[in-house]
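For the single chain, residues carry numbers from 1 onward in sequence order.
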Amino acid sequence: MGEQKCIGILTSGGDCAGLNAVIRAVVYRATGTYNWKVMGIRQATNGLMSRPPEAIPLNIEKVDSWLTIGGTMLGTTNKGNPFAFQMADGTVRDRSDDIIQGYHQLGLDALIGIGGDGSLAILRKIALAGNLNLVAIPKTIDNDVGITERSIGFDTAVNIATEALDRLHFTAASHSRVIIVEVMGRDAGHIAISAGISGGADIILIPEIPYTISKICAQIQERQDRGKNYCLIIVAEAVRTEEGELVMHTNRLGQSRLGGIGQYLADTISDCSGAETRVTVLGHIQRGGTPSSLERLIASAFGIAAVDLIAEEKYDCMVSWQKREVVSVPLEDAIAKYRPVDFDGTLVKTARGLGICLGD
Ligand code: F6P
């Protein structure tokens with residue numbers, strides 16, 4: 001059985017469905033199979049910066065009901081780079097060493113970091129600087145982490161967007177409207193293309209494939225000629241205007257985020273085709289709620305595999321879903337290889353084969 005280890009686990013970056021299912025699996029494997037201790041670190045790396053470090057002991061009794069709970073019971077943050085951390089007094093400090101010391105103060109032998117490409121790159125940099133034993137688990141509804149077919153959160157987000165399309169078919173048909181559904185995904189179109197196919201969208205717009213408004217309007221007209229009085233369009237938030245501008249929403253503090261391409265398309269399509277248009281922005285609904293069954297399955301498999309990697313003392317690696325198996329890949333390679341939608345891949349071919357317009 002080996003020495004009794006104490007491992008830490010944290011969730012970092014935007015939350016999503018399935019994170020608690022990962023934590024539950026980690027606790028089952030680490031405490032049940034190996035008789036190790038597990039510490040759940042609060043608010044991502046912020047918990048390791050706090051003094052004393054903010055962490056809670058986790059056992060099977062505590063996490064058993066977490067399988068179906070959305071969000072993350074440990075809390076998270078997608079703000080603040082620990083290497084340039086904004087302090088309360090307005091100064092900026094490198095807090096990476098505080099995180100390394102926090103790891104030692106908790107007596108950790110290894111750390112499981114659950115995050116997207118940005119968080120995992122930061123965690124790796126800290127782990128290398130402090131010689132910490134890190135195993136990574138990919139999570140992001142955007143599904144854009146390199147060398148894994150699946151990241152935690154993606155399947156649930158796709159199911160939510162698919163259900164939205166299912167519902168919108170009826171109202172769009174009832175009013176003879178063009179309805180545009182704007183989905184998340186940051187720079188990638190994975191949610192849009194997957195949900196668009198599954199939810200029977202007529203037009204799918206993703207950042208990886210440039211479009212023209214005239215192609216979109218021609219598709220709407222062609223549907224009308226076939227007696228179809230409505231049209232559903234799904235668009236990824238990072239799709240640009242026809243002139244190539246990113247559409248951003250800026251708040252009163254001057255902080256900008258992606259958002260608004262749906263409304264741009266609604267106005268432009270309405271001008272060009274005369275169609276009545278409406279927009280649904282799914283936003284954070286895609287991150288919330290109960291994880292899908294596939295999500296729970298992948299989350300559980302990732303959690304078990306991550307603990308087994310620690311048992312083998314294999315670090316600086318990431319669990320990865322490939323051809324229905326969990327394998328481990330070098331973390332360095334995973335974060336170096338951003339994964340957009342494959343222009344010539346199966347999903348693009350499938351969409352085209354179904355007569356779905358991709359705007360090009
Ligand atoms: O990366 C996940 C994600 O949900 C993106 O799809 C989206 O652009 C972003 O996070 C939203 O971030 P926030 O929760 O800070 O609004």
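Across all their heavy atoms, T76 and D15 have their closest contact at CG2-N, 4.0 Å. Contact between I335 and A121 at its shortest, heavy atoms only, is CD1-CA, 3.7 Å. The two residues D142 and A188 have their closest heavy-atom pair at O-CB, 4.3 Å. Here the closest non-hydrogen pair linking P82 and M49 is CB-CE, 3.9 Å. Shown here for V326 and A305, the closest heavy-atom pair between the two residues is CG1-CB, 3.6 Å. K139 approaches I114 most closely through the heavy-atom pair CG-CG2, 3.6 Å.
Side chain of W66 to main chain of K62: a donor-acceptor pair is present (N/O by atom type, distance under 3.5 Å, no hydrogens or angles). Judged by distance alone, with hydrogens and angles left aside, the side-chain atoms of E54 form no donor-acceptor pair with the main-chain N or O of R42 at under 3.5 Å. No donor-acceptor pair closer than 3.5 Å links the side chain of Y211 to the backbone N or O of C357. No donor-acceptor distance shorter than 3.5 angstrom exists from the side chain of T140 to the backbone of G116, with no hydrogens or angles considered. R324 places no side-chain N or O within donor-acceptor distance of the main-chain N or O of W321, the cut-off being under 3.5 Å. Between the side chain of Q263 and the backbone N or O of V279, no donor-acceptor pair lies under 3.5 Å. Between the S270 side chain and the G274 main chain, no donor and acceptor come within less than 3.5 Å of each other. Side-chain N or O atoms of E182 include one that pairs as donor or acceptor with a backbone N or O of G262 at under 3.5 Å.
A heavy-atom distance below 4.5 Å is found between the side chains of I112 and I7. Side-chain contact check for I23 versus T11: some heavy-atom pair is nearer than 4.5 Å. Contact annotation: the side chain of N133 never approaches that of I310 to less than 4.5 Å [non-hydrogen atoms, C-beta and beyond]. Side chains of L108 and I41 form a contact here, defined as non-hydrogen atoms less than 4.5 Å apart. Counting only heavy atoms from C-beta outward, the side chains of C217 and Q219 never approach each other to under 4.5 Å. Within the 4.5 Å cutoff, the side chain of V135 has no heavy atoms near those of the L111 side chain. Using a 4.5 Å heavy-atom cutoff, the side chains of M318 and V145 are in contact. Two residues are said to be in side-chain contact when any heavy atoms from C-beta on lie closer than 4.5 Å; T45 and I122 fail this criterion.
Under 3.5 Å, the side chains of D225 and Q221 contain a donor-acceptor pair of N or O atoms. The closest side-chain donor-acceptor pair between D64 and Y28 falls under 3.5 angstrom. Side chains of E295 and T156: a donor on one and an acceptor on the other come within 3.5 Å. In this model, no donor atom of one side chain and acceptor atom of the other lie less than 3.5 Å apart for S96 and K125.
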Check residues 192-201 and write down every donor-acceptor pair under 3.5 Å in which the side-chain atom is one partner and the other belongs to a residue at least two apart or another chain.
from	atom 1	to	atom 2	distance (Å)
S194	OG	H190	O	3.1
S198	OG	S194	O	2.9

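Taking CZ of R186 as the reference point, atom CG of D117 lies at 8.5 Å (rounded to 0.5 Å). Note that CD1 of I147 is 7.5 Å distant from CD of Q322, once rounded to the nearest 0.5 Å.
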Hey, mind stepping through R352 and D360 against salt bridge (Lys or Arg N to Asp or Glu O under 4.0 Å) and telling me if it holds? CA-CA 11 Å; R352 293 196 196 281; D360 59 343; 2.8 Å; yes
I would like to know whether T250 and S256 meet side-chain hydrogen bond (donor to acceptor under 3.5 Å, both in side chains); could you show each step before the answer? CA-CA 4 Å; T250 305; S256 294; 2.8 Å; yes
Going through the checks in order, is the side-chain hydrogen bond (donor to acceptor under 3.5 Å, both in side chains) test met by T31 and K37? CA-CA 6 Å; T31 66; K37 290 183 183 155; over 6 Å; no
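A cation-pi contact, defined as under 6.0 Å to the ring centre and within 45° of the axis, links R223 to Y230. A cation-pi arrangement is absent between K5 and Y34, since the terminal nitrogen or guanidinium carbon is not both under 6.0 Å from the aromatic centre and inside a 45° cone about the axis.
Here R177 pairs with E276 in a salt bridge; the nearest charged N to carboxylate O distance falls below 4.0 Å. We find that R124 and D316 are joined by a salt bridge, their nearest charged nitrogen and carboxylate oxygen being less than 4.0 Å apart. Comment: D98 engages R93 in a salt bridge, judged by a side-chain N to carboxylate O separation of less than 4.0 angstrom. At a threshold of 4.0 Å, the pair D155-R150 counts as salt-bridged, since one of the basic side-chain nitrogens sits closer than that to a carboxylate oxygen.
When hydrophobic clusters are built by joining Ile, Leu, Val, Met, Phe, Trp and Tyr residues whose side-chain heavy atoms come closer than 4.5 Å, directly or via intermediates, L205 is not grouped with L358. Hydrophobic clustering, with ILVMFWY side chains joined whenever heavy atoms are under 4.5 angstrom apart, groups I234 together with L354.
Looking at I203, V178, I179 one by one, the single match for side-chain contact (heavy atoms from CB on, under 4.5 Å) with L232 turns out to be I179.
A 6.0 Å sphere centred on CZ of R167 holds no more than 12 heavy atoms belonging to other residues, nucleotides or ligands.
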